[in-house]
Amino acid sequence: MLELAAIRANPEAIKQGLAVKRFAPLSLIDDIVAADEQRRKLQQQSDDLLNRQNTLSKEIGNLYKQGKTAEANEAKAQTTALKEDSQALQQQLAESETYLNELLIQLPNLPHASVPKGAHTEDNLEEYRHGTIPTLHEGALPHWELTDRYDLMSLELGVKITGAGFPVYKGKGARLQRALIAFFLDEATRAGYTEILPPHLVNADSAYATGQLPDKEGQMYHVGIDGLYLIPTAEVPLTNIYRDVILKEEELPIKIAGYTPCFRREAGSYGAHVRGLNRVHQFDKVEIVQIAHPDHSYEVLEKMKSHVAGLLEKLELPYRVLRLCGGDMSFASALTFDFEVYSAAQERWLEVSSVSNFETYQANRLKLRFRDTETKKNRLAHTLNGSALALARIVAALLENNQTPNGIHIPKALQAYTGFDQIS
RNA sequence: GGUGAGGUGGGUGAGCGGCUGAAACCAGCAGUUUGCUAAACUGCCGUACUGGAAACGGUACCGCGGGUUCGAAUCCCGCCCUCACCGCCA
């Protein structure tokens, strides 16, 4: 969440920033400022009473020690009223804190100054394109027909054993998944990331800390009996490794990467544009995460973008990079770039990666800090993450773009991992 | 799942009703000493909120939540977790 100190210091600046993100209830800022004042007032009163209680108790102890029992008992009588008052105040203080927190948690992150204004995907700014869009042969097929033709994947089988949106990969299709995962992890390792294999279920604390709760409650699968959530992205367990941690400044940046399946309920989205692998409830993804010094996080963001771009180039996929507009960005992000690959048979762009800088927004909830060597003070770190990459849609584009009448060509970089250069 | 032991600051570990936000040691930081290194010595060394320009104060926190008491790390209750052994099991 946003830092209270920043809101307190300049509420109008916060309002202006949030307006770019199309955040409507700007009066919430005024409510927060008022609630914060109220809270501090209550704390002062409460602290004051507690202080008097503590002092009195010490005096009573001393009186007993000196054998002045009568005086001690007299003093004791005073404590009753004091205690009642302070308990009432503490109750009010706790309520005030809860209320303030409820307000704060509703605020999205402030967008970076470079975020374009706008509400919809059309307002996203295209940064650049790379690669050439392939011309397919006559009778080229969309990937959902290719997967049938070469027996690579079945959604019907998924329906049988689980439900809609749970693909079952088969044969070379399954091997292709495994190859891509291994390729992406190896590339991340080569780029200096430490590989992590995290749990695929997380508790509510973790989901809150990275911002999935309460904002996206309905988008996660919930295991009610144990109070756990299936992860919608590896970002959640990976970033939460550093929840409640104070790092040394020289430990920054932290670079970790992990493969996990990702589970998304995606309630209510059906239709032609979500056919095949375009949007499924379970998909595989390798995620890269960095924890950076606030002064360098935007350089880190650029490096992460280059990493993702490098992967797409090695896979020989045409792609474009979008700078997301305020209305299209996620709740917790300050700046997000989306990578989209061109899926030649569908003749459309598919989002395969989202690279974001969250600045201190997640770190504030995570209580992820580092000790500033200069000032010796603890400061919130910046967190960043990016998909590198999301598999299902990469597979869709790979199959469609590389098809020939005789089979599907596997890009060179992947061949060592698949063990074959052609699906036929 | 059963039984037993235990959860204290970065680590080890003392404390078992007031003098304890917490001994001691180790690690870390700053100095003194020193030709350099080593050693020795001195001081500092948890987090958050809060008052204050600052100096310096206040409050809370000894797994979590309640309770007893004028006063709880210390006593009582509930929960969670860790370890050991048994059972079950990929």
Side-chain angles (χ1 to χ4, degrees), chain A residues 1-9 32-105 197 199-209 223-229 237 240-252 254 291 360-381:
Chain A
M1 64 188 122
L2 292 178
E3 293 170 73
L4 192 52
I7 299 174
R8 202 186 289 164
I32 286 170
V33 171
D36 173 46
E37 254 171 60
Q38 170 75 357
R39 205 216 97 236
R40 277 185 293 160
K41 208 176 85 194
L42 286 169
Q43 186 186 334
Q44 282 167 40
Q45 290 172 359
S46 169
D47 281 0
D48 187 52
L49 278 188
L50 283 169
N51 180 231
R52 281 161 63 189
Q53 268 185 188
N54 289 341
T55 314
L56 204 65
S57 289
K58 271 179 198 156
E59 280 169 19
I60 292 170
N62 285 332
L63 288 173
Y64 272 124
K65 224 169 287 171
Q66 292 163 26
K68 298 176 179 169
T69 317
E71 285 172 53
N73 287 335
E74 207 172 294
K76 255 197 213 178
Q78 289 180 50
T79 59
T80 319
L82 206 54
K83 205 166 153 186
E84 272 172 23
D85 288 355
S86 91
Q87 271 172 354
L89 261 175
Q90 281 177 71
Q91 176 72 27
Q92 284 180 56
L93 177 61
E95 281 164 14
S96 171
E97 272 168 359
T98 308
Y99 174 65
L100 178 60
N101 204 46
E102 275 166 12
L103 297 184
L104 273 172
I105 217 154
L197 183 60
H200 299 165
L201 283 88
V202 294
N203 57 32
D205 282 350
S206 295
Y208 267 104
V223 184
I225 194 168
D226 294 303
L228 300 175
Y229 295 85
N240 269 283
I241 291 173
Y242 291 92
R243 172 147 49 89
D244 258 315
V245 167
I246 301 173
L247 295 160
K248 297 191 188 107
E249 185 171 342
E250 58 267 28
E251 289 177 279
L252 300 174
I254 303 263
I291 296 161
T360 59
Y361 191 87
Q362 286 183 333
N364 197 24
R365 287 199 198 181
L366 286 159
K367 296 193 174 65
L368 165 52
R369 292 149 294 170
F370 70 95
R371 182 170 289 275
D372 191 307
T373 322
E374 286 272 306
T375 64
K376 310 248 190 215
K377 291 254 169 66
N378 294 329
R379 293 175 65 187
L380 292 172

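Just so we're on the same page: letters track the sequence lines, and every chain starts at 1. Here the structure is a predicted model, which is why all the values come from computation and not from measurement.
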Rounded interatomic separation in angstrom, taking [atom1] from [X] and [atom2] from [N]:
| X | N | atom1 | atom2 | value |
| --- | --- | --- | --- | --- |
| Lys76(A) | rG71(B) | NZ | P | 9 Å |
| Lys68(A) | rC70(B) | NZ | C1' | 17 Å |
| Asp372(A) | rU47(B) | CG | P | 13 Å |
| Gln87(A) | rU69(B) | CD | P | 11 Å |
| Lys377(A) | rU47(B) | NZ | C1' | 14 Å |
| Lys367(A) | rC61(B) | NZ | P | 17 Å |
| Asp205(A) | rG63(B) | CG | C1' | 14 Å |
| Phe370(A) | rG46(B) | CZ | C1' | 19 Å |

Between Ser46(A) and Leu42(A), is there a donor-acceptor pair closer than 3.5 Å when you use the side chain of the first and the backbone of the second? no

Identify which one of Val202(A), Leu366(A), Asp205(A) satisfies the side-chain contact (heavy atoms from CB on, under 4.5 Å) criterion when paired with Asn240(A).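 Of the listed residues Val202(A), Leu366(A), Asp205(A), the side-chain contact (heavy atoms from CB on, under 4.5 Å) partner of Asn240(A) is Leu366(A).
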
Below 4.0 angstrom from OP1 or OP2 of rG71(B), is there any side-chain N or O of Lys83(A)?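 Yes, such a contact exists.
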
Give a yes/no answer on whether the side chain of Arg369(A) brings an N or O atom under 4.0 Å of OP1 or OP2 in rU47(B).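 No, no such contact exists.
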
Please classify the nucleic acid contact of Ile246(A) as base, sugar-phosphate, or nothing, using heavy-atom distances under 4.0 Å. sugar-phosphate

Mind checking Lys376(A) for me? I need base, sugar-phosphate or nothing, with any heavy atom below 4.0 Å counting as a touch. sugar-phosphate

Calculate, to the nearest 0.5 Å, the distance between atoms [atom1] and [atom2] belonging to [X] and [Y] respectively.
| X | Y | atom1 | atom2 | value |
| --- | --- | --- | --- | --- |
| Thr98(A) | Leu103(A) | OG1 | CG | 11.0 Å |
| Gln362(A) | Ile291(A) | CD | CD1 | 9.5 Å |
| Gln38(A) | Glu95(A) | CD | CD | 11.0 Å |

4.5 Å side-chain heavy-atom contact, Leu100(A) and Leu4(A): yes

Side chains of Phe370(A) and Asn378(A) in contact at under 4.5 Å (non-hydrogen atoms):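 SC-SC contact between Phe370(A) and Asn378(A) ruled out.
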
With Asp372(A), which residues qualify under salt bridge (charged side-chain N to carboxylate O under 4.0 Å, His left out), at least two apart? Arg379(A)

Taking rC70(B), rU50(B), rU47(B) as options, the one with an atom nearest any side-chain atom of Arg371(A) is rU47(B)

Atom C1', compared across rG7(B) and rU74(B): separation rounded to whole Å: 15 Å

With rounding to whole Å, what would you report as the distance between rC19(B) and rC61(B) at their P atoms? 14 Å

So what stems show up for RNA chain B if we need 3 or more Watson-Crick or G-U pairs in a row, all under 3.5 Å?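 Detected stem regions: B:1-7 with B:80-86, B:10-12 with B:24-26, B:28-32 with B:40-44, B:46-51 with B:56-61, B:63-67 with B:75-79.
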
Scan residues 34-64 of chain A against RNA chain B and write down, sorted by residue number, each residue with any heavy atom closer than 4.0 Å; if none is found, say none. Arg39(A), Arg40(A), Gln43(A), Gln44(A), Asp47(A), Leu50(A), Asn51(A), Asn54(A), Ser57(A), Ile60(A), Gly61(A), Tyr64(A)

Modelled atom types, side-chain donor and acceptor of Gln43(A) and Arg39(A), under 3.5 Å: yes

